[in-house]
Amino acid sequence: MATIRKVKGRKKETYELDYYNQNGKRVRKMLYVDEKTAERIRKEMELRVERIKLGIEKSPMESPYFKLFIPEYLKYKEGVVSYGTVKREKFTLHRFLKFLGNKRLSEISIKTIDDYSVQMRKELSEATVGIELRHLKAALNTAKRWEYIAKNPLVGYKIPDGAPQHIRVLSKDEISKLFSVVDDTEMEDVLRIYLSTGARRAELLKPKFRWDNVDFKNNRIRLQTLGDK
């Protein structure tokens, strides 16, 4: 049975959580939270230990290391999504691994995500932070489905929507300056098509782009966009 005890003499409200884990080992942890939150954590811990004992939930020590989960997850995604998406997810997962270190999936908590978000915001835009967290959430959803973790800490987490506040476009003067330094006619043609269509980089390159997508008679181009739409 788990218990909590208020620790006196602390400037910040503190409670000691005292419980026995699934192996019968006594565990004590300091909780720097209010009484209501401490009580909720006590109940959750008590329930978790019971679920592990009954075999309903995996023990934290049975959860694989995040480093080993990455190749397993990416191999699965190769048969589900495009190469470009797998490549992007690989970058996201290895960025998070560099932050997380040698820890198990079960050790990823909401606080872990909070700390990671703070670090990312020092280097990345809000839109990019949102993209990183959405890819990470998808990976952890799969980990939960595979029963590697009992709960995905990113479910219910407030993720930036990623919408840019302002889309900047080149002015006519900037376009003129751009072409003044391009001395390759083929590259100039490519740049004009990108500027005229607003296409993403991959949408005008193989394998997404094919010549039969160009309707020369009606001056139209069919673009294969995100999600193969």
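Counting begins at 1 with the first residue of the sequence. All values derive from a computational prediction rather than experimental measurement.
Results of the salt bridge (charged side-chain N to carboxylate O under 4.0 Å, His left out) test with E89 over K75, R134, K77 single out K77 as the only residue that passes. Considering R48, R42, K43 in turn, R42 is the only one that fulfils the salt bridge (charged side-chain N to carboxylate O under 4.0 Å, His left out) rule with E46. Residue I193 forms a side-chain contact (heavy atoms from CB on, under 4.5 Å) with just one option from V190, T197, L195, and that option is T197.
The distance from the CD atom of E72 to the CG atom of L68 is 9.0 Å, given to the nearest 0.5 Å. Taken from CG in L105 to CG in L140, the straight-line distance is 7.0 Å, to the nearest 0.5 Å. The line from CG of L136 to CG of N141 is 10.0 Å long, rounded to the nearest 0.5 Å. Rounded to the nearest 0.5 angstrom, R192 CZ and L178 CG are separated by 9.0 Å. One finds the CG atom of L204 at 6.5 Å from the CD1 atom of I221 (value rounded to the nearest 0.5 Å). Atom CG of L17 is separated from atom OG1 of T3 by 7.0 Å, given to the nearest 0.5 angstrom.
Considering only heavy atoms from C-beta on, F96 stays 4.5 Å or farther from I70 through its side chain. Within the 4.5 Å cutoff, no side-chain heavy atoms of M45 are placed close to those of V27. V81 is not listed as a side-chain neighbour of R88, based on a closest heavy-atom distance of 4.5 Å or more. Within the 4.5 Å cutoff, side-chain heavy atoms of R28 are placed close to those of E16. A 4.5 Å side-chain heavy-atom check between F91 and K87 finds every atom pair outside the cut-off. Contact check for Y20 versus V49: no side-chain heavy atoms found under the 4.5 Å cut-off.
The two residues T112 and F99 have their closest heavy-atom pair at O-CE2, 3.7 Å. Across all their heavy atoms, I149 and S106 have their closest contact at CG2-N, 3.8 Å. Between Y116 and E132 the shortest heavy-atom distance is OH-OE1, 4.1 Å. Nearest heavy atoms, A199 versus L223: CB-CD1, 3.8 Å. In plain terms, the two heavy atoms of R121 and V129 that are nearest each other are CG-CG2, 4.0 Å. Here the shortest heavy-atom pairing between P153 and S109 reads CB-C, 3.8 Å.
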Show, in sequence, the C-alpha distance, side-chain angles and deciding distance for E174 and R168, and conclude whether the salt bridge (charged side-chain N to carboxylate O under 4.0 Å, His left out) test is met.
CA-CA 12 Å; E174 287 173 324; R168 186 189 179 293; 2.5 Å; yes

Could you go through L133 and M120, starting from their C-alpha distance and side-chain angles, then the distance that decides it, and tell me whether this counts as side chain to side chain contact (heavy atoms under 4.5 Å, CB included)?
CA-CA 10 Å; L133 292 179; M120 282 197 295; 3.8 Å; yes

Working for side chain to side chain contact (heavy atoms under 4.5 Å, CB included), residues T37 and E13:
CA-CA 11 Å; T37 304; E13 192 171 4; over 6 Å; no

Decide side chain to side chain contact (heavy atoms under 4.5 Å, CB included) for R222 and D215; before the verdict, give the C-alpha distance in whole Å, the side-chain angles of both, and the deciding distance to 0.1 Å.
CA-CA 8 Å; R222 175 182 293 169; D215 182 352; over 6 Å; no

Side chain to side chain contact (heavy atoms under 4.5 Å, CB included) evaluation trace for R95 with H135
CA-CA 11 Å; R95 182 201 289 276; H135 280 303; over 6 Å; no

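Linking Ile, Leu, Val, Met, Phe, Trp and Tyr whenever their side-chain heavy atoms come within less than 4.5 Å puts L93 and L124 in one cluster. In the hydrophobic clustering of ILVMFWY residues, with side-chain heavy atoms under 4.5 Å counting as a link, V214 and L205 come out together. There is a path of hydrophobic side-chain contacts, each under 4.5 Å, that joins L74 to V80. Hydrophobic clustering (side-chain heavy atoms under 4.5 Å, transitive across Ile, Leu, Val, Met, Phe, Trp, Tyr) groups L100 together with I159. Linking ILVMFWY residues whenever their side-chain heavy atoms come closer than 4.5 Å, directly or via other members, leaves L31 and I110 in distinct clusters.
The number of heavy atoms from other shown groups lying within 6.0 Å of CE (M30) is above 12. Residue K137 places its NZ atom among more than 12 non-hydrogen atoms of other residues, nucleotides or ligands, all under 6.0 Å distant. Heavy atoms from other residues, nucleotides or ligands lying under 6.0 Å from CZ of R201 number 12 at most.
Taking the six-membered ring where tryptophan is involved, the planes of W211 and F216 are essentially parallel, since the angle between them stays under 30° and well short of 60°. By the 30° and 60° cut-offs, the orientation of the rings of Y76 relative to Y73 is tilted. Using a 30° and 60° split on the angle between ring planes, F69 and F66 fall in the tilted class, from 30° to 60°.
Taking the charged nitrogens against the carboxylate oxygens, R26 and D18 do have a contact shorter than 4.0 Å, which makes a salt bridge. Between R104 and E107 there is no salt bridge, since no side-chain N of the basic residue sits under 4.0 Å from a carboxylate O of the acidic one. Using a 4.0 Å cut-off between charged nitrogen and carboxylate oxygen, E203 and K208 do not count as a salt-bridge pair. A salt bridge does not link D34 to K36: none of the charged side-chain nitrogens sits closer than 4.0 Å to a carboxylate oxygen.
Judged purely by distance below 3.5 Å, without hydrogens or angles, the side chains of N152 and Y157 never pair a donor atom with an acceptor atom.
Stacking of R10 on the aromatic ring of Y32 is not recorded, the 6.0 Å distance cut-off and the 45° axial limit not both being met.
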